[in-house]
Amino acid sequence: MAQADKLTPREKDFSAWYVDLVQKAKLADYSDVKGCMVIRPNGYALWENIQRVLDGMFKETGHKNAYFPLLIPESYLKKEAEHVEGFNPQLAVVTHAGGAKLEEPYVIRPTSETIINRSFAKWIQSYRDLPLLINQWANVMRWEMRTRLFLRTTEFLWQEGHTCHETEEDAEQETRRMLEVYRRFAEDYMAMPVLAGQKSESEKFAGAVRTYSIEAMMQDKKALQAGTSHNLGQNFARAFETMFQGRDGKQHFVWQTSWGVSTRLIGGLIMTHSDDAGLVVPPKLASRHGVIIPIGRTPEERGPVLERAQALATDLRKAGLGVEVDDDDSKSPGWKYAEHELIGTCMRIELGPKDLAQNQCVMVRRDQRKKESVPLADAVATAQKMLDQMQRDLFAKAKAFRDSHTFEVNSYDELKQRADDGFLLAHWCVDPKCEKQIKDDTGITSRNRPFDLEQSPGRCIVCGKDSPGRLVFAKAY
RNA sequence: CGGGGCGUAGCGCAGCCUGGUAGCGCGCCUGCCUUGGGCGCAGGAAGUCGGAGGUUCGAAUCCUCUCGCCCCGACCA
């Protein structure tokens with residue numbers, strides 16, 4: 001039975017490992033609805049922590065939460081040409097309600113630019129109403145051919161920020177500001193290093209002028225788009241006549257942005273840090289920081305051990321850590337070790353009669369799994385130190401992995417050869433045709449043009465024409 | 001939509017070819033015993049065999065239709 005609960009090793013089959021982990025760590029289940037998943041308490045707790053932190057960041061940047069309808073009149077979507085073209089194949093449409101065919105079908109929102117603009121157009125009259133900074137936490141639906149738990153499901157949870165500005169510059173600044181919030185969140189909380197940069201024309205959001213993204217590398221060297229931020233220009237403003245009277249007394253269209261991250265982040269979290277024993281969660285996003293596993297053969301041994309364990313748990317909780325005592329005596333300590341490694345408890349504390357005799361306990365960090373004896377008097381301080389260090393180590397490890405799998409490639413042959421090696425930095429002439437050819441030939445796509453990459457002109461890797469700089473190319477989720 | 005796979009107890013599967021009392025492992029419940037890396041023993045509960053139709057004395061098994069899900073491709077956060 002020990003074998004039965006083990007995950008498929010990453011080396012053997014990364015995607016089987018991922019599916020095993022998601023289900024066995026009780027993060028999510030398949031549901032009876034095609035393409036839709038059930039997010040279980042363990043998985044939802046991660047989402048709640050992500051929400052809590054991000055929501056705080058949005059409040060700090062002055063955004064306010066609101067909620068708009070799930071159903072959008074079909075005609076709204078059609079108002080912005082590129083937008084409807086981009087989303088049409090992915091729409092679920094409600095045609096009947098109340099026992100009758102609807103006059104006009106509703107689409108289930110794939111994103112909310114259109115219906116939100118309907119409101120914005122009513123709310124905004126003057127430049128004094130700007131900037132308008134709104135965020136919505138919601139579910140959206142995009143019909144997918146192929147689904148993958150957390151990474152791509154037909155229904156998913158996300159936040160979508162929508163803002164209106166007086167000038168083009170303000171909108172651009174907002175787009176970049178929120179991308180930076182995402183970058184900070186990914187790196188500081190998820191311990192997931194990302195490349196922030198600009199998407200190519202063909203990879204940008206349907207209806208945007210410019211799209212920026214943060215891109216992370218998973219342990220299988222594939223890229224995950226972890227967040228996007230769009231400068232919408234006046235595209236939606238024109239379609240919905242979202243206008244304001246400017247300082248010059250004339251009517252102007254507002255300049256807009258939108259930006260979002262989704263439950264996909266949970267998939268990124270898993271594929272960045274977890275191992276063959278199970279889930280690894282960065283302490284800053286964990287609810288379950290520690291578990292104390294009491295050990296004892298007889299009631300005489302167990303009594304004092306349990307008492308000490310409870311006292312220790314109380315101390316750790318006072319220090320702000322999520323800590324439980326696993327006192328279920330129908331399970332052996334070994335079983336509990338394996339179980340807590342599987343579900344991603346950040347650290348475990350073993351406490352038995354031998355430890356009590358020496359006034360110590362044994363602490364084990366989830367990411368390293370090395371036993372360390374710690375005097376009980378230092379337990380709280382040591383636990384905090386270990387968790388801090390774990391947070392830093394996870395980021396450093398992920399960054400080292402990404403950096404050692406990032407390469408400059410200078411010929412098309414080299415790019416083809418290295419297609420599975422990770423992030424490839426290559427010159428590209430900005431012609432979508434060359435980008436398309438790379439995709440058709442190798443299956444890899446352009447991720448973004450990283451801001452932090454020092455750029456110098458060169459020659460397009462496909463056609464040899466002038467290139468303004470390098471893009472990151474990679475196989476992507 | 002093309003190719004492949006699978007629907008039998010909560011989960012994982014066997015049984016189907018060659019029709020005849022629906023099984024195994026894990027989990028679950030009860031009791032005992034154990035506890036420093038997924039303990040052991042005994043007893044127990046639990047199944048419209050995805051659905052519909054057909055063949056047959058008799059169908060999980062054979063035939064027809066159908067529904068669903070998963071994997072691989074085209075599309076995508």
Side-chain angles (χ1 to χ4, degrees), chain A residues 1-7 13 15-16 18-20 23-24 26 29-37 85-91 110-111 139-160 182 199 202-206 211 213-216 223-230 258-268 277-278 293-299 301-302 305-306 326-342 348-356 360-362 364 369 371 373 439-440 443 445 447 476-477:
Chain A
M1 133 202 190
Q3 292 302 319
D5 282 322
K6 285 225 170 95
L7 307 175
D13 183 343
S15 122
Y18 177 80
V19 175
D20 277 0
Q23 292 183 100
K24 287 182 177 167
K26 301 186 177 72
D29 266 345
Y30 290 105
S31 77
D32 290 339
V33 182
K34 185 190 171 92
C36 294
M37 66 174 172
E85 195 190 328
F87 280 107
N88 232 347
Q90 288 187 280
L91 297 179
T111 179
N139 57 338
V140 289
M141 184 163 271
R142 299 180 186 178
W143 219 258
E144 295 289 352
M145 307 289 183
R146 276 200 59 203
T147 59
R148 223 153 134 49
L149 293 169
F150 287 116
L151 298 174
R152 176 164 303 106
T153 46
T154 289
E155 181 186 11
F156 58 96
L157 306 182
W158 79 344
Q159 64 58 222
E160 45 181 325
Y182 289 157
K199 284 287 195 186
S202 57
E203 294 281 333
K204 82 173 167 53
F205 176 72
T211 289
S213 72
I214 52 171
E215 305 278 338
L224 182 79
Q225 179 174 304
T228 51
S229 185
H230 316 290
S258 71
W259 27 274
V261 298
S262 71
T263 36
R264 171 177 250 206
L265 286 176
I266 296 171
I293 298 180
I295 296 156
R297 239 179 313 255
T298 61
E301 282 179 347
R302 285 181 65 79
V305 166
L306 266 176
D326 189 345
D327 60 356
D328 177 356
D329 62 4
S330 71
K331 300 280 193 280
S332 70
W335 191 93
K336 292 174 187 174
Y337 300 168
E339 180 66 10
H340 282 282
E341 283 168 3
L342 184 61
R348 85 165 174 267
I349 301 173
E350 303 171 15
L351 190 65
K354 292 180 210 163
D355 297 310
L356 276 197
Q360 63 166 37
C361 60
V362 174
V364 183
R369 294 203 281 165
K371 298 200 182 198
S373 293
K439 188 177 176 184
D440 292 346
T445 51
R447 303 324 307 155
Y477 278 99

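Lettering of chains follows the sequences in order, A, B, ..., and the numbering in each one begins at 1.
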Sugar-phosphate only, base, or nothing, as touched by A/P294 at under 4.0 Å among non-hydrogen atoms: nothing
Side-chain ion pair, A/E215 and A/K199, N-O less than 4.0 Å: yes
A/F156, nearest nucleotide to its side chain (from B/rU34, B/rG36, B/rA77): B/rA77
Sugar-phosphate only, base, or nothing, as touched by A/K371 at under 4.0 Å among non-hydrogen atoms: base
Base-pairing assignment for B/rU18 (Watson-Crick or G-U wobble, both under 3.5 Å): none
N/O donor-acceptor pair under 3.5 Å between A/K336 side chain and A/D326 backbone: yes
Sugar-phosphate only, base, or nothing, as touched by A/Y477 at under 4.0 Å among non-hydrogen atoms: nothing
Base B/rG37 to side chain A/E350, donor-acceptor N/O within 3.5 Å cut-off: no
Side chain of A/E341 - closest among B/rG38, B/rG37, B/rU35: B/rG37
Touch class at under 4.0 angstrom, heavy-atom based, for A/L151 against every strand present: base
Shortest side-chain distance from A/R369, nucleotide among B/rG37, B/rG36, B/rG38: B/rG37
Closest to side chain of A/R142, choosing from B/rG37, B/rU35, B/rA77: B/rA77
Given B/rA77, B/rC75, B/rC28, the nucleotide with the shortest approach to the side chain of A/K439: B/rC75
Sugar-phosphate only, base, or nothing, as touched by A/R348 at under 4.0 Å among non-hydrogen atoms: base
Donor-acceptor contact present, side-chain A/Y477 to main-chain A/G268, <3.5 Å: no
Sugar-phosphate, base or nothing in reach of A/S373, heavy atoms under 4.0 Å: nothing
Sugar-phosphate only, base, or nothing, as touched by A/P89 at under 4.0 Å among non-hydrogen atoms: nothing
Donor-acceptor under 3.5 Å (A/S262 side chain, A/R264 main chain): yes
Sugar-phosphate only, base, or nothing, as touched by A/E155 at under 4.0 Å among non-hydrogen atoms: nothing
B/rG2 pairs with, by Watson-Crick or G-U criteria that keep both distances under 3.5 Å: B/rC72
Pairing of A/E339 and A/K26 as salt bridge, 4.0 angstrom limit: yes
Selected nucleotide, minimal atom distance to A/E144 side chain, candidates B/rG37, B/rA77, B/rG36: B/rA77
Side chain of A/Q225 - closest among B/rU35, B/rA77, B/rG36: B/rA77
Sugar-phosphate only, base, or nothing, as touched by A/S262 at under 4.0 Å among non-hydrogen atoms: base
Carboxylate-amine/guanidinium proximity below 4.0 Å for A/E350 and A/K371: yes
Complement of B/rC62, any strand, by Watson-Crick or G-U distances under 3.5 angstrom: B/rG54
Residue closer to the 5' end of RNA chain B, A/V19 versus A/E339 (nearest nucleotide): A/E339
Nearest-nucleotide pick for A/S332, side chain only, options being B/rG37, B/rC28, B/rC39: B/rC39
Candidates B/rU34, B/rG36, B/rG37 - which lies nearest the side chain of A/A338: B/rG37
